[in-house]
Amino acid sequence: MSADSTSRRTLLAGAAWSVPAVAITVAAPIAVASTPVPLANTWYTGGSTSVVSGNVARFTLTGDDGDGNDSVLPDNSTVVITPDAGVTIVNTAITGGVLTDNGDGSFTATVDSGVTTLVANFRVTGLSGANVSYVSTVALPPFTETFQIPIV
């Protein structure tokens, strides 16, 4: 074998080292090609309040792409949850945001960055027929929505 020729062992060792490099190079475009969830161009809210079924209230704010697919809500979208006089609400859980006690019996839920749905759950005490009001403010039309859900 001449001094400038490559041995079979050197060639196989080089090939073994190149296989992982090729695999990594091939895998990178797949990760880059993943599609991010689009920003919402519409949104909707939902809620329920019931003293009869365990004193629970639930509020949801969801981004939508207009075709019924969940989409990212604009940063800093908020929901203010306000009970009628004589009604008390206590936060039990929140996902997709941060809840602030406003000190007057109401709460403000602020959407985390990059989430598609905000869900706030509360324990409710008060008279049947009283209301819990929800005011959603989102940087998309209709911008603000207010609705009241009676305690049943």
Side-chain angles (χ1 to χ4, degrees), residues 13-152:
W17 280 104
S18 68
V19 170
V22 169
I24 291 169
T25 303
V26 171
I30 293 169
V32 172
S34 64
T35 307
V37 177
L39 287 175
N41 59 24
T42 187
W43 55 279
Y44 57 92
T45 56
S48 63
T49 304
S50 176
V51 173
V52 175
S53 61
N55 295 352
V56 294
R58 178 182 176 99
F59 177 83
T60 59
L61 174 65
T62 305
D64 190 289
D65 68 358
D67 291 325
N69 301 307
D70 287 350
S71 299
V72 175
L73 288 162
D75 290 352
N76 298 316
S77 297
T78 61
V79 179
V80 177
I81 301 104
T82 307
D84 279 358
V87 176
T88 303
I89 56 175
V90 176
N91 174 48
T92 57
I94 186 165
T95 57
V98 175
L99 195 68
T100 304
D101 183 337
N102 297 329
D104 60 359
S106 69
F107 290 86
T108 299
T110 304
V111 173
D112 285 339
S113 182
V115 301
T116 61
T117 303
L118 171 75
V119 178
N121 294 297
F122 299 93
R123 175 100 26 228
V124 179
T125 56
L127 297 174
S128 182
N131 293 300
V132 176
S133 298
Y134 301 92
V135 179
S136 305
T137 304
V138 179
L140 295 169
F143 303 110
T144 299
E145 177 183 59
T146 302
F147 68 95
Q148 292 186 333
I149 298 179
I151 298 173
V152 291

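Along the sequence shown, residues are numbered consecutively beginning with 1.
Residues E145 and V135 have side chains not in contact (no heavy-atom distance under 4.5 Å, counting atoms from C-beta outward). Between L118 and V79, some side-chain heavy-atom pair lies under the 4.5 Å cut-off. You'll find the side chain of P74 reaches within 4.5 Å of the side chain of L140, heavy atoms only. In this structure the side chain of V87 reaches within 4.5 angstrom of the side chain of V124, judged on heavy atoms. By the 4.5 Å heavy-atom criterion applied to side chains, I89 and R123 are not counted as neighbours.
Smallest separation of non-hydrogen atoms from A139 and S77: N-OG, 4.3 Å.
Partners of L39 according to the side chain to side chain contact (heavy atoms under 4.5 Å, CB included) rule, which considers only residues two or more places apart in sequence or in another chain, are V72. For N131, the side chain to side chain contact (heavy atoms under 4.5 Å, CB included) test picks out D84, Q148, P150, with sequence neighbours left out.
Atom-to-atom distance recorded for D112:CG and L73:CG is 10.5 Å, nearest 0.5 angstrom.
The stretch residues 74-96 participates, sequence neighbours left out, in no ring pair (Phe, Tyr, Trp, His ring centres under 6.0 Å) pair at all. Pairs passing the ring pair (Phe, Tyr, Trp, His ring centres under 6.0 Å) check and including a residue from residues 64-109, sequence neighbours excluded, read F107-F122.
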Assess the residue pair W43 and S136 against the criterion (side-chain contact (heavy atoms from CB on, under 4.5 Å)); give the C-alpha distance rounded to whole Å, side-chain angles, the decisive distance to 0.1 Å, and a yes or no.
CA-CA 10 Å; W43 55 279; S136 305; 3.6 Å; yes
Name each donor-acceptor pair under 3.5 Å that joins a side chain in residues 59-71 to protein atoms two or more places apart or in another chain, with its distance.
| from | atom 1 | to | atom 2 | distance (Å) |
| --- | --- | --- | --- | --- |
| D64 | OD1 | G66 | N | 2.5 |
| D64 | OD1 | G68 | N | 3.3 |
| D65 | OD1 | D67 | N | 2.7 |
| D65 | OD1 | G68 | N | 3.4 |
| D65 | OD1 | N69 | N | 3.2 |
| D65 | OD2 | N69 | ND2 | 2.9 |
| S71 | OG | D65 | N | 3.2 |
| S71 | OG | N69 | O | 3.3 |

Side-chain donor-acceptor pairs of residues 93-103 under 3.5 Å, sequence neighbours excluded:
| from | atom 1 | to | atom 2 | distance (Å) |
| --- | --- | --- | --- | --- |
| D101 | OD1 | G103 | N | 2.8 |
| N102 | OD1 | T108 | OG1 | 3.2 |
| N102 | ND2 | S106 | OG | 3.0 |
| N102 | ND2 | T108 | OG1 | 3.0 |

